[in-house]
Amino acid sequence: MTASKSVLIIGKPASGKTTFLAQFLTRVAKGKSKVKLLSMPDNIKAISDAQKSLSSGEEPATTQSDRNVELNLSLDIDGNNVQLSCPDYGGEQISAHTELMEIDKTWQKLVKGSDNWLLFIRASKISPEYDLSVTSYETIEKDKSDVQKELVLSEQSSYIELIQSLLYAKDVGVRQERELPKLVVVITCWDELNNELTPKEVLIEKLPMFNNVIEAMWNRQKLSVLGLSAQEFPLKDDTEATDKYLDDLPENFGYMVTEEGNKDKDITCLIDWAIK
Amino acid sequence: MRGFCKIQGCAAPKGLCLNKLSNEHLVCEHWSDVEQVDSKKSKSVGAKVLPWTGEALQPDELELIGERSSPLVIGMIGCPDAGKTSYLGMLYTLLFNGNKIDGWPLCGSYTLAAWEILAQCLKIKSNGKVDFPIPTPSSADFYSLYHLALKNTQVFRDVLLADSSGEVFNLWSEDVNDENAENARWIYSNSDAFVFFIDSVALVEKRGRAKAQIVQMAEQLAANLENRPVAIVWSKADKISEIRPNIKASLKEDLDRLFQDATFFEVSNFPSKEFDPLCHRNNINVLENLLNRLNKERAINLLLEQSKSEDLFFRFGAPTNDRK
C-alpha cells in the first residue's frame, strides 16, 4: 500500500456535506464501490441520523451546530490509503473563518495535513446580483446614499476570502504553485439547478470572479469542478419520492457529474477525483 | 477588525464618527465590530488571526504586502464628485461579474470587504434606485487603499488603488503644502501611476469654472510627475457630447500640453445597452493600460527585485504581525 493521502471536505452550512457523507458511507459499507472503507469510525451519530432519514425516504435535517464533531474515514482506493476528513458537518466553522478572520487550531492542523480539498458549493442558493453594469440606466433613479453600508461579504467574495484564509493557514502562497493542494470544487444539489450545463459552466454563471481567481492561482492539473446530487431529487413533502426511496433503497439514488457533464452513479468516485 | 456603526448616517469607519464627531469611532458605544458581535461564538485558543481584515488598507499597513512584492500604487486624482470612488466601485463590479483585466488575471485581494462596500453603491435596490457613494471624507488622515493581487504571465503583482476626497485634492492643487492635504501629498509622492478624472457633468453645468479647476489640478499633477504614467478619464462620459465644443477643445489642448504621453478614456457607470464600451470595456481598460505601461517600464527593475528578494513566495499573509 502506498503512502496515505488526506482529503478534506469544506463547505458552508447546508451545502450538502451530511447527505453526501450519509450516502457515501452507505455505499462504501456495502463494499461494492470503487472506494473501500477500511474501518468504521466510532462516532457517526450525525451521519447515521441522516442515513435513517434517507432510508425512511425523508430529507435529512440540516446538521445542528452542536453536532459539529469531526468525522474521519479511513479508505482504500486502488491500493491507496486515503484519510477523508470532514471536520465540520454543520459548516458553522467555515462561516466563522471569514466572519472572525481567524482560523482555529483544529482547522490549521487539518489544512496543513491535507493536500486534497473538496469545496462544496450549493450553487442553486446563490442568487444573481443586479447592478448598474447589467441594467439599462433609463429605469434607475440616481440617489446619493446617506447611509453607511455594513461590511457584509457577498457569497462570491466570501469564497475567495475562504480560499485565501485556508491557504494562509496552510502557509502556502500563490507563488508556491506546486505546494497548492489539489482543489475540487463540487457543485452540490445538482438536481436543483435544472440545466444542461457542465459543472464549470455553472460555477462561471454563479461565481465568475471566484472561478477567475482559482483559475489564475491553480495549475489546471490540480483544479477540477464537478457536480453532485447525493439525493437525486427532493424528498420534502413528496410521497412519490419517498416511496421511491422506500422501494429502491437510498444507495441506488444520487449521482456525480463529471467535468464533461456526464452523470456517474458512483458518488464515491468524488474522492477518487480528489486524489487524482 | 470588521465593523459598522448602528447609527444611520454615521460615516465611520470611512469618515467622522457621528456621535464623537471625531475619527475615534472605536471608542463610540454605537460602534460594533464583528469580533465583539460574534464574541458569543467561542474563540478558540491558538487561533491564527488573519493579518488582513478586508477593510481598505492604510499607508502604515503596507508591510503586509511589502514582504511579498513591491506594490504598484495607482493614485485616483480629481475634483470633488468627479467619480473617483464610483470608478473603483464599477471596476470591482465588472470583475465581480467575471470581466477580466486582459493579461492580468485576478488572484485575490486583502480588501474584499472594502471593495464590496464600493460595489454595493452600484447595486440596484428593489425600488429601482441606486445609492451612490457618500462623498469620500475630506479629513487629511483619511486613506483608502484598495488591493488587488494580479498575475502577469508568471509574475505576481500587488496593486493598490489609492482613493481620497476631491476636497483634499482641491486644497492640494492650490497649495501642495496645505496642512489639510496630507493624504493628497502621500498619494502624489507614493503613486507609480495616476488616473486623472475629468467630470463631464461638471463641465456641462459649470463650464469655464469647472474647466479652470480641472486645469489647475492637472498642472499640479504634471509638476513633479517624473515620467509616471497618467490615464486621463472623462467620467460620466454619457454626457460628454453636452460639453460645449470650445471648452472641450481648450481643455484637451491644455491636457495634451501637460501630459504628452497620457492616454485618454471615456467611462460611464450607466450603460445605455447590454454591451456599452464606456462602461463594460473602458473602466477596465484604464487600469489595464496603466499596468501594461508600468510593467514595460519596470521590467528590468522587476527582475532585479525578484532575484535579490529572500521572500520567494507570493504569500497570502506572509507577515506575522499579531492583530489585537
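When reading the values below, keep in mind they use all heavy atoms of this one structure, side chains included, and skip hydrogens, waters and symmetry mates. Naming convention: chains lettered A, B, ... in sequence-line order (proteins, then strands); numbering from 1 in each chain.
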> Does A:Glu196 CD have over 12 foreign heavy atoms under 6.0 Å away?
Replying inline: no
> Got a donor-acceptor contact below 3.5 angstrom from the B:Lys151 side chain to the A:Ala216 backbone?
Replying inline: yes
> Do other residues, nucleotides or ligands put more than 12 heavy atoms under 6.0 Å from the NZ atom of A:Lys276?
Replying inline: yes
> For A:Ile204, which residues count as a side-chain contact (heavy atoms from CB on, under 4.5 Å) partner, sequence neighbours excluded?
Replying inline: A:Lys200, A:Asn211
> Minimum heavy-atom separation for B:Phe96 to A:Ser157, with atom names?
Replying inline: CE1-OG, 4.3 Å
> What is the minimum heavy-atom distance between A:Met101 and B:Gly54, and which atoms define it?
Replying inline: CE-N, 4.1 Å
>> Nearest 0.5 angstrom please: B:Tyr92 OH to A:Asp131 CG, how far?
In response: 11.5 Å
> Once you round to the nearest 0.5 Å, how far does CG of B:Leu94 lie from CE of A:Met209?
Replying inline: 11.5 Å
> Within a reach of under 6.0 Å around CG of B:Asp102, are more than 12 heavy atoms found that belong to other residues, nucleotides or ligands?
Replying inline: no
> Which atom pair, heavy atoms only, marks the closest approach of A:Tyr168 to B:Leu50?
Replying inline: CD2-CD2, 3.4 Å
>> One pair to check against side-chain contact (heavy atoms from CB on, under 4.5 Å): A:Gln164 and B:Leu112. What are the steps and the verdict?
In response: CA-CA 11 Å; A:Gln164 292 182 164; B:Leu112 283 169; 4.3 Å; yes
>> Measuring from atom SG of B:Cys107 to atom CD1 of A:Ile214, what distance do you get when rounded to the nearest 0.5 angstrom?
In response: 12.0 Å
> Once you round to the nearest 0.5 Å, how far does CD of B:Glu116 lie from CD of A:Glu161?
Replying inline: 9.5 Å
>> Tell me if the NZ atom of B:Lys100 is crowded by more than 12 foreign heavy atoms within 6.0 Å.
In response: no
> Nearest heavy-atom pair of B:Gly108 and A:Ile160: which atoms, and what distance?
Replying inline: CA-CG2, 4.4 Å
> Under a 4.5 Å heavy-atom cut-off, does chain A meet the side chain of B:Asp276, its backbone, both or neither?
Replying inline: neither
>> B:Lys236: which residues meet the salt bridge (charged side-chain N to carboxylate O under 4.0 Å, His left out) condition with it, sequence neighbours left out?
In response: B:Asp81, B:Asp199
> Is there side-chain contact between A:Trp107 and B:Lys48, with at least one heavy-atom pair below 4.5 Å?
Replying inline: no
